[in-house]
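Remarks on the structure that follows.
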Amino acid sequence: MSGPAGGTARAATTTDVVCLGESMVTFLPSQPGRLADVPSFGRGIGGAESNVACALAAAGHRAAWVGRVGADGFGDHLVETIGGYGVDTSAVRRDPERPTGIYFRTATDRGAGAHEVAYYRAGSAASAMSPANVPYEEVFAGRVLHLSGITAALSADCLELVRELTAPRPGRPLVSFDVNHRPHLWRGSDASVLLELARRCDLVFVGEDEAEEAWGIVGAEAIRAALPEPSVVVVKRGSAGATVFASGLRPGPRSSNAGGAQNDGAEFAPDTVTPVPALRVDVVAAVGAGDAFAAGFLSATLRDLPVRDRVRHGHLMAAAVLTVPGDLTEPPARDHADRLVALDDEAWGRLRLGPGWTAADRAPEEVRTP
């Protein structure tokens, strides 16, 4: 296999999902309050793509994370911790000249006015990722390649890398893209490039709020109209749930890419639109939920489950993270999640999940509200 200038004839793979992006060491507060007042912090890890890889591996899938970290203790911690979830980290590169990124955050909800995050990622090892130094053989080794808009915002080289990875090419794996618009990363830059990148992908996750903030596009239908190429667009609507627009393919030769590559003569069927309500969750910390949702949806996609069930698995994986303090947690056992996903609409609507709900011995009726 060659780099971006050449072809990408892909051999048979045993990897389900490859996730590429920056992971950082995160410092979580020991108590609520301003960063100036918090006396101590616990160390964890954070990073949209590595979060997805860890959640998928914990759910029993073969996941790999491709990234770049410093040749420092924080880089050691990231590689060891992510690998501890069962993620293949063999393609992670160490940078002897640039540090591993870190950040501190408060305990409040990210959307709250009092929420603070202090990033120390400028000039990080991950920001030096480029088409010239990423191992393409490993990046294209999975059934799915998962990317996010965060990587595109880190540097000009990172943006060029994401453009290369989303470019149409023969044998390209299914490319999953979480828009993940972070306004502070796009200050002074044009976030509309995220729309360009999303249109080149097969599966896109985007929130209604971020589409409005980044692109000025309002409403799920308008978002789909702006993203006609991806075969699946998942519009996250906060407490209203999620709506999936899926074009699918009529029976025939399998498409290698719905985002611009050749479709081998197959024709797209009209969209099916699937709205799926969210769950009621007793939130402990509202961080990492979007990554967990993507992991749950991808997990169910790999299992070829119906669209409604893919969204429900996304909601359940998000609920697992929302009911713990950090970005990562053990997901519910597959049979437990499958029982909840199989509930009828009325029973699904009665569910309310709180801390500890993922315990394997909890039956569906034990997590219902009266």
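None of the values given here were measured: they were computed from a predicted structure.
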Side chain of [X], backbone of [Y]: donor and acceptor closer than 3.5 Å?
X	Y	answer
Glu210	His181	yes
Asp157	Met129	no
Arg163	Thr166	no
Ser155	Ser127	yes
Thr301	Phe297	yes
Asp16	Arg62	yes
Asp88	Ser90	yes
Arg308	Thr274	no
Arg312	Val341	yes
Asp309	Pro306	no

pair Pro173-Val144: side-chain heavy atoms closer than 4.5 Å: no

Can you tell me how far [atom2] of [Y] sits from [atom1] of [X], rounded to the nearest 0.5 angstrom?
X	Y	atom1	atom2	answer
Asp327	Cys54	CG	SG	10.0 Å
Glu213	Arg182	CD	CZ	10.5 Å
Glu49	Asp291	CD	CG	7.5 Å
Glu212	Ile223	CD	CD1	9.0 Å
Phe177	Leu227	CZ	CG	10.0 Å
Leu194	Leu159	CG	CG	9.0 Å

Aromatic contact, His315 with Phe293 (centres under 6.0 Å): yes

Test side-chain contact (heavy atoms from CB on, under 4.5 Å) applied to Phe140 and Leu145, step by step: CA-CA 7 Å; Phe140 289 112; Leu145 171 61; 4.2 Å; yes

Check the hydrophobic clustering (I, L, V, M, F, W, Y; side-chain heavy atoms under 4.5 Å; chains of links allowed) and say if [X] and [Y] are grouped together.
X	Y	result
Leu305	Leu343	no
Trp348	Val281	yes
Val52	Leu328	no
Val235	Leu197	yes
Ile150	Leu195	yes

Heavy-atom closest pair, residues [X] and [Y]:
X	Y	answer
Ala320	Thr358	CB-CG2, 3.8 Å
Ala63	Ala53	CB-O, 3.5 Å
Thr323	Gly354	CG2-C, 3.6 Å
Val38	Ser30	CG1-N, 3.9 Å
Ala91	Val66	CB-CG2, 3.9 Å

Steps toward side-chain contact (heavy atoms from CB on, under 4.5 Å) verdict (Val284, Val324): CA-CA 6 Å; Val284 172; Val324 299; 5.8 Å; no

Pairs meeting criterion side-chain hydrogen bond (donor to acceptor under 3.5 Å, both in side chains) with involvement of residues 66-78, two or more places apart: Arg43-His77, Arg68-Asp95, Asp72-Thr100, Asp76-Arg94, His77-Thr81

Pair Met317-Val321, side-chain contact (heavy atoms from CB on, under 4.5 Å): steps then yes or no: CA-CA 7 Å; Met317 196 82 86; Val321 169; 5.7 Å; no

Geometric class of the Tyr103/Tyr119 ring pair [parallel <30°, tilted 30-60°, perpendicular >60°]: tilted

Side-chain donor-acceptor pair present, Glu116, Thr106, cut-off under 3.5 Å: no

Stepwise side-chain contact (heavy atoms from CB on, under 4.5 Å) check, Ser176 with Phe205: CA-CA 8 Å; Ser176 166; Phe205 299 95; 3.4 Å; yes

